[in-house]
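Whatever order the structure lists ligands and atoms in, that order sets their numbers, starting from 1. Computed from a prediction, not measured in an experiment: that's the story for all the values here.
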Amino acid sequence: MKHFNIAIDGPSGAGKSSLAKLIAARLGISYVDTGAIYRTVGYAVRSLGIDPDDRSAVSAILPSIEVDAKFEEGHQKMYLDGVFLGEKIRENEISSYASKVSSYPEVREFLLETQRKIARENSVVMDGRDIGTVILPDADVKIFLSADDVCRASRRTAELRARGEEADPERILEEIRERDRRDSSRAAAPLRPADDAILLDNTHLDLEMTLEAALGIIREKLPGIC
Ligand code: DC
């Protein structure tokens with residue numbers, strides 16, 4: 001099969017990873033979660049007791065940490081200095097660390113080649129914030145997935161509760177708004193749709209409907225692929 005890449009960008013809680021996993025399974029290609037890669041750096045920063053608002057302290061640790069994404073049985077597993085992190089990167093506190101460290105150009109530069117190499121070596125559905133704009137500007141299909149912030153906060157609350165974590169819906173909504181502001185207003189690779197991205201708003205769509213809409217976009221760009 002021809003090598004191809006699909007980029008899915010959008011704000012937190014739009015359902016990028018759920019959608020990307022289904023597309024990857026349908027097309028028999030790998031799903032790459034770039035948020036997990038930033039979360040791993042956020043995790044390293046917290047483990048070392050570094051203030052995530054201190055850009056120079058965060059930048060200073062980069063040469064001495066090893067961030068590795070391995071694909072085992074089709075699943076992406078994140079390793080920090082050779083140690084598998086599992087669900088630890090999914091903690092709510094790590095979301096905020098990841099959002100802060102991902103605003104530093106040094107961190108983005110540090111992770112750029114890791115992401116491009118995965119996409120060169122595999123056909124992928126890669127989700128993130130700057131996949132269509134910076135990481136894979138030549139991606140065959142670019143989808144910008146969004147939903148309104150209240151809808152995204154309620155999905156995130158349900159997800160945390162399903163994992164047994166405490167979740168206050170009001171606080172989650174505030175955090176989502178804060179992350180949206182930070183992710184979209186940062187100078188380095190701000191969240192924005194690529195000029196050639198197709199916008200898909202799934203506020204009123206369930207996952208199955210979102211998948212059908214996305215597959216429609218993919219068929220237009222890659223006829224015969226699914
Ligand atoms: O998608 P996520 O919530 O797991 O991402 C965690 C943080 O990482 C999020 O605040 C934005 C950042 N991120 C980014 O800046 N660029 C990406 N390609 C992916 C995530």
Side-chain angles (χ1 to χ4, degrees), residues 5-21 31-46 52-53 55 58-59 62 67 69 75-78 80 85-119 124-137 139 142-147 149 151-153 155-160 163 165 167 172-194 197 202:
N5 291 140
I6 298 173
I8 302 184
D9 290 300
S12 301
K16 299 185 296 295
S17 67
S18 307
L19 174 64
K21 279 179 201 159
Y31 161 55
V32 183
D33 173 0
T34 62
I37 305 178
Y38 286 94
R39 284 171 181 272
T40 300
V41 175
Y43 182 87
V45 166
R46 190 184 67 175
D53 290 312
R55 175 175 168 182
V58 170
S59 304
L62 298 176
V67 174
H75 295 292
Q76 177 179 335
K77 304 216 164 139
M78 293 309 306
L80 174 64
L85 296 182
E87 289 298 301
K88 289 180 197 154
I89 57 169
R90 301 285 158 203
E91 278 174 39
N92 206 33
E93 196 186 18
I94 297 298
S95 302
S96 160
Y97 271 73
S99 175
K100 288 178 179 177
V101 303
S102 66
S103 69
Y104 304 141
E106 295 83 355
V107 171
R108 306 202 74 82
E109 182 61 34
F110 175 69
L111 298 176
L112 181 84
E113 184 48 27
T114 304
Q115 296 169 82
R116 285 193 177 154
K117 184 165 183 279
I118 297 170
V124 298
V125 185
M126 186 175 273
D127 82 357
R129 304 296 189 287
D130 62 342
I131 309 306
T133 50
V134 177
I135 306 295
L136 304 177
K142 298 181 186 178
I143 296 174
F144 192 87
L145 186 68
S146 62
D149 51 8
C151 164
R152 290 186 284 121
R155 288 177 188 162
R156 177 83 183 137
T157 303
E159 187 188 314
L160 288 170
R163 280 211 303 270
E165 279 192 54
I172 300 285
L173 178 58
E174 239 171 72
E175 284 170 2
I176 287 235
R177 286 182 173 155
E178 174 61 29
R179 286 171 68 197
D180 282 356
R181 254 194 307 279
R182 198 165 33 227
D183 295 347
S184 315
S185 63
R186 67 187 179 208
L191 172 66
R192 65 167 183 82
N202 71 357

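The protein heavy-atom contact nearest to atom 12 (C) of ligand 1 is S102 OG, 3.4 Å. In terms of protein heavy-atom proximity, atom 7 (C) of ligand 1 is nearest to A98 CB, 3.7 Å. Scanning the protein heavy atoms around atom 8 (O) of ligand 1, the nearest turns out to be Y38 CB, 3.7 Å. Nearest protein heavy-atom neighbour of atom 3 (O) of ligand 1: R179 NH2, 2.7 Å. Remark: minimum distance from atom 19 (C) of ligand 1 to any protein heavy atom is reached at T34 OG1, 3.4 Å. Looking from atom 13 (N) of ligand 1 to the surrounding protein, the closest heavy atom is R129 CG, 3.7 Å.
In E109, the CD atom is not crowded: 12 or fewer heavy atoms of neighbouring residues, nucleotides or ligands sit closer than 6.0 Å.
Taking a cut-off of under 4.0 Å to the non-hydrogen atoms of G128, the atoms of ligand 1 that pass are 17 (C), 18 (N), 19 (C). Atoms of ligand 1 found under 4.0 Å from any heavy atom of D130, numbered from 1 in the order shown, are 18 (N). Counting atoms of ligand 1 from 1 in the listed order, those under 4.0 Å from a heavy atom of S99 are 10 (O).
Counting only N and O atoms by type, the side chains of R39 and Y97 include no donor and acceptor under 3.5 Å apart.
For the side chain to side chain donor-acceptor pair (under 3.5 Å) test with D130, the passing option among R192, R108, Q115 is R108; the others fail. Here the options are S103, S96, S102, S99, the test is side chain to side chain donor-acceptor pair (under 3.5 Å), and the partner is R182; only S99 passes.
At a heavy-atom distance under 4.0 Å, only side-chain atoms of D183, from C-beta outward, approach ligand 1.
In the candidate list K16, R108, R39, R39 is nearest to atom 2 (P) of ligand 1, counting heavy atoms. Looking at G35, P11, G13 and measuring to atom 5 (O) of ligand 1, the nearest heavy atom belongs to G35.
Below 3.5 Å of separation, one finds no N or O of R90 facing any N or O of ligand 1. Where the criterion is an N or O separation shorter than 3.5 Å, residue side chain and backbone included, R186 meets it with respect to ligand 1.
Across all their heavy atoms, V125 and A20 have their closest contact at CG1-CB, 3.6 Å. Of all non-hydrogen atoms in F110 and L62, the two that sit nearest each other are CE1-O, 3.4 Å. Taking all atoms of both residues into account, the shortest heavy-atom contact from R129 to R179 is NH2-NH2, 4.0 Å. Of all the heavy atoms in S95 and R156, the pair that sits closest is OG-NH2, 3.3 Å.
Side-chain contact between K88 and R46 is absent, with no heavy-atom pair separated by less than 4.5 Å.
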